[in-house]
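I have placed the structure first, in the form of C-alpha cells, so that the comments after it can refer back to it.
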Amino acid sequence: MPRSFFARSSLDVAPDLLGRDVRAVSEAGVVRARLVEVEAYLGSDDPGSHAFRGQAPRNTVMFGPPGHLYVYFTYGMHWCANVVCGREGVAEAVLLRAAVILDGRDVALSRRPKSTARDLARGPARLAKALDLDGSDNGADIVCGGLQFLAGQPVSAAEIRTGPRVGVAGAGAPTPWRYWVDGVAEVSAYRAAVVRAPRKA
DNA sequence: CCATAGATGCACT
DNA sequence: GTGCATCTATGGC
C-alpha cells in the first residue's frame with residue numbers, strides 16, 4: 001500500500017485495512033498475515049489515545065508523517081503495533097489488533113510456541129509477537145521497512161462490524177473506534193477495561 | 001465454556 | 001506512586 005493510503009483519518013483507514021495483508025520479513029523467515037481486527041485512535045478529542053495529552057517521548061512517532069509504525073511497550077511485557085495515519089503533525093494511528101496467519105505459520109509458531117492456531121495472532125500483543133515487532137521497529141517506514149502492507153483481499157462493508165474498544169477506559173464513547181471482520185474466529189475476545197486491586201509491596 | 005488474579009517494567013503525574 | 005491500547009494460568013461449571 002502506498003503512503004497516501006495512510007494519509008487520511010484513522011477512522012477511514014481502519015475499515016479499509018480489514019482483509020489486507022501484512023508481510024514481516026526477518027532472518028527467521030517471512031510471515032504473511034491477513035488483518036481481521038483493527039482499532040482507530042485520534043489525536044485530540046480521544047481520551048483513550050496516547051496522543052491525547054500532547055506530544056511526549058513515547059508518542060513522538062504518532063505526530064510524524066503517515067505510513068510509519070508506532071510500536072509501544074505495555075503491561076511490563078507486551079509490545080503493540082500501530083500504523084500512523086493522517087497528515088504530518090496530526091497524531092492519528094490504527095492499532096493492529098488481530099490477524100490470520102497465511103504464510104510462515106511455522107515461523108510465527110516458533111515465536112509463540114504454546115499457541116493454538118486460533119490464538120497465534122489473536123490480540124495486539126500476540127500479533128506483534130507473531131510478526132516479531134518490538135521497540136526496534138518503532139518509527140519504521142512501512143514503504144521500505146521490515147513490515148509491508150499488501151493489497152490482500154479487501155472486505156466489503158457488509159462484512160465489517162464496529163464496536164467499543166477493548167481494554168480502554170472510556171471506550172464507550174459514541175465513535176466506532178474498533179473494526180473487525182464478521183464471523184472470523186481469530187478476532188480477539190472483548191474485554192472491558194478493569195480496575196485492579198492495589199499491589200502489595 | 002467463563003471468570004479472575006498475577007506477572008512485569010515503563011511513562012507519566 | 002499509579003496506571004496501563006495485555007496475556008496466561010488456573011479453577012469452577
Side-chain angles (χ1 to χ4, degrees), chain A residues 6 9-11 13-15 17-18 22 33 35-63 68-86 90-99 101 108-139 147 161-180 185-201:
Chain A
F6 300 99
S9 167
S10 58
L11 291 172
V13 174
L17 273 177
L18 294 176
V22 290
L35 298 171
V36 296
E37 183 187 358
V38 297
E39 211 159 78
Y41 286 87
L42 304 183
S44 52
D45 302 323
D46 181 0
S49 173
H50 286 172
F52 182 65
R53 291 168 185 81
Q55 192 169 340
R58 179 175 68 162
N59 63 22
T60 298
V61 175
M62 284 187 75
F63 290 79
H68 291 252
L69 298 183
Y70 168 48
V71 186
Y72 69 91
F73 185 70
T74 192
Y75 287 102
M77 62 198 97
H78 300 302
W79 295 97
C80 296
N82 301 250
V83 195
V84 175
C85 298
V90 177
E92 298 196 19
V94 172
L95 172 68
L96 309 181
R97 284 202 57 90
I101 306 294
L109 197 55
S110 72
R111 295 166 180 153
R112 293 183 35 75
K114 286 177 282 191
S115 175
T116 62
R118 187 195 192 205
D119 286 345
L120 197 47
R122 183 183 189 235
R126 291 163 169 173
L127 175 56
K129 189 68 177 177
L131 299 178
D132 195 32
L133 298 173
D134 60 24
S136 69
D137 298 290
N138 188 39
L147 188 72
R161 297 290 176 271
T162 72
R165 290 202 287 224
V166 176
V168 181
T175 307
W177 307 107
R178 187 165 66 105
Y179 302 81
W180 68 92
E186 286 84 354
V187 168
S188 69
Y190 176 75
R191 289 190 183 98
V194 293
V195 289
R196 38 187 21 76
R199 292 177 299 181
K200 302 183 69 174

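Per chain, numbering begins at 1; letters A, B, ... match sequence-line order.
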Compare side-chain N and O positions of [X] against OP1 and OP2 of [N] and report whether any pair is under 4.0 Å apart.
X	N	value
A:K129	C:dC7	no
A:R126	C:dT8	yes
A:R112	C:dC7	no
A:R97	C:dT6	yes
A:H50	C:dA5	yes

Please pick, from [options], the nucleotide with the shortest atom-to-atom distance to any side-chain atom of [X].
X	options	result
A:Y72	C:dA5, B:dC12, C:dC7	C:dA5
A:F73	B:dC12, B:dC10, B:dA7	B:dC10
A:R53	C:dA9, C:dC7, B:dT13	B:dT13
A:A56	B:dA7, C:dA5, B:dC12	B:dC12
A:R58	B:dA11, B:dA7, C:dT6	B:dA11
A:Y75	C:dT6, B:dA7, C:dA5	C:dT6

Nearest whole Å is fine: how far is [N] [atom2] from [X] [atom1]?
X	N	atom1	atom2	value
A:L127	C:dC7	CG	P	10 Å
A:L96	C:dT6	CG	P	13 Å
A:W79	C:dC7	CH2	C1'	16 Å
A:H78	B:dT8	NE2	C1'	9 Å
A:F52	B:dC12	CZ	P	15 Å
A:E37	C:dA5	CD	P	16 Å
A:L42	C:dA5	CG	C1'	13 Å
A:R122	C:dT8	CZ	C1'	13 Å

Answer with base, sugar-phosphate or nothing: what part of the nucleic acid does A:N82 contact at a heavy-atom distance below 4.0 Å? base
Base, sugar-phosphate alone, or nothing: which one does A:R178 contact when heavy atoms must sit under 4.0 Å apart? nothing
Quick one: does any side-chain atom of A:S10 pair with a main-chain N or O of A:Y41 as donor and acceptor, under 3.5 Å? yes
Below 30° counts as parallel, above 60° as perpendicular, anything between as tilted: where do the rings of A:W79 and A:F73 land? tilted
A side-chain contact here means heavy atoms from C-beta on lying under 4.5 Å apart; do A:Y70 and A:N59 qualify? yes
I would like to know whether A:L69 and A:L147 meet side-chain contact (heavy atoms from CB on, under 4.5 Å); could you show each step before the answer? CA-CA 9 Å; A:L69 298 183; A:L147 188 72; 3.9 Å; yes
Side chain to side chain donor-acceptor pair (under 3.5 Å) partner of A:S188, the single match among A:R178, A:R122, A:R97: A:R97
Taking 5.5 Å and 30° as the limits, would you call A:Y41 and the base of C:dA5 a stacked pair? yes
When both hydrogen-bonding distances must be under 3.5 Å and the geometry is Watson-Crick or G-U wobble, what is B:dC12 paired with, if anything? C:dG1
What is the minimum heavy-atom distance between A:Y179 and A:A40, and which atoms define it? CE1-CB, 4.4 Å
